[in-house]
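Below, chain A is the first sequence line, B the second, and so on; all start at residue 1.
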Protein chains: 2
Amino acid sequence: MLSKKTQYAFHALTYLAENQAKGPILISEISQERKISLKFLENILLEMKKAGVLGSKKGKGGGYYLIKPPEDVQLAKIIRMLDGPIALLPCVSLNYYERCENCTEERCGLNEVMAEVRDNTLKVLEKKTLKDVLRNR
Amino acid sequence: MLSKKTQYAFHALTYLAENQAKGPILISEISQERKISLKFLENILLEMKKAGVLGSKKGKGGGYYLIKPPEDVQLAKIIRMLDGPIALLPCVSLNYYERCENCTEERCGLNEVMAEVRDNTLKVLEKKTLKDVLRNR
DNA sequence: TATATTCCCTACCTTTTTTGTAGACTAATA
DNA sequence: TATTAGTCTACAAAAAAGGTAGGGAATATA
């Protein structure tokens, strides 16, 4: 399951996308509108900024804004950024690969299946973008 | 990611499947062969017994054994049993459904995408069985 | 340049989940 | 009836998730 953090991130991103015309949006506005703890949301937005998804502006008239058009923001990227691996096993993760203990990959049938699951999942999450989850499509 | 618990469960299940001919297998044997903490494994096997996947026999010559042929044990069932929901959001889970807070499902584009992910995942996990992950296929 | 505004950063705290352990109990078998 | 082996309840440690506090730094504007 996606963590609250990632779920909040999606709430924030769709809010930003739907209000792009207004220019930079205050953290506090997103927090109120989408009912997310202000300080927790601060962390999340900052993390997304560092990952290159959001931009920000300080001082009066400041706030956060999307740095790319919604159709260029892959859902897979957001999930990986905040939740880590999408794969079900470390040994089949493309971005967070780790060897499995107690299991030789060459002879383990599980990783083949899990690689198939991963591919099927990514087929959706890498194709779909922020634009696809907006309310006013 | 799958929890250790579920990963251990798969180790145990494949061991049981590969040694079916030997009759009931001791917890301690699986624990040693697959390097899993004995007491932790006890809990896991018991849970699978209660869920109807394993049978057991007490006393000398006892142990655990598969109650169904490996090709009848869906991977999805094992995962759900020990890890819970397979879906990425509670509101698109078939077996563990819960309403999402702060999000009206009718107008939330996220759940449509996540339902698609779920379907793609289940396409694999409900088709593949314990037999498909055995070493000596 | 003073001040208000707003994001930035570090550190911490609480709760929940995961992972693992202890020990007594019950059932089967020889 | 002694031994073997699973069953059950409870607990505990460690890790992860979720959330909070408070000051610092950059910006805008008067």
With sequence neighbours left out, write down each residue that passes side-chain hydrogen bond (donor to acceptor under 3.5 Å, both in side chains) with Lys4(B), or none if nothing qualifies.
Glu101(A)
Would you say Ser31(B)'s side chain and Ile36(B)'s backbone share a donor-acceptor pair under 3.5 angstrom?
yes
Taken in chain and number order and not counting sequence neighbours, the residues that satisfy side-chain hydrogen bond (donor to acceptor under 3.5 Å, both in side chains) with Asp83(B) are Ser3(B), Thr6(B)
Set of residues satisfying side-chain hydrogen bond (donor to acceptor under 3.5 Å, both in side chains) with respect to Lys49(B), sequence neighbours excluded:
Ser56(B)
Contact nearer the 5' end of DNA chain C, comparing Asp83(B) with Leu41(B):
Asp83(B)
Identify, with sequence neighbours excluded, every residue that meets salt bridge (Lys or Arg N to Asp or Glu O under 4.0 Å) alongside Glu29(B).
Lys22(B)
Check this one for me: any side-chain N or O of Tyr8(B) less than 4.0 Å away from OP1 or OP2 of dT19(C)?
no
What residues, two or more places apart in sequence or in another chain, satisfy salt bridge (Lys or Arg N to Asp or Glu O under 4.0 Å) together with Lys58(B)?
none
Sequence-distant partners of Glu33(A), salt bridge (Lys or Arg N to Asp or Glu O under 4.0 Å), two or more places apart:
none
Those residues that, when tested against Lys5(B), pass side-chain hydrogen bond (donor to acceptor under 3.5 Å, both in side chains) (two or more places apart):
Glu47(B)
N/O contacts under 3.5 Å, protein versus nucleotides 6-9 of chain C?
| unit_1 | atom_1 | unit_2 | atom_2 | d |
| --- | --- | --- | --- | --- |
| dC7(C) | OP1 | Ile27(A) | N | 3.2 |
| dC7(C) | O3' | Ser56(A) | OG | 3.3 |
| dC8(C) | OP1 | Lys49(A) | NZ | 2.6 |
| dC8(C) | OP1 | Ser56(A) | OG | 2.7 |
| dC8(C) | OP2 | Tyr64(A) | OH | 2.0 |
| dC8(C) | N4 | Glu42(A) | OE1 | 3.4 |
| dC9(C) | N4 | Glu42(A) | OE1 | 3.3 |

Note: chain A reaches DNA chain D at heavy-atom distances under 4.0 Å over the stretch, first to last nt, 5' to 3', of dG18(D) to dA28(D)
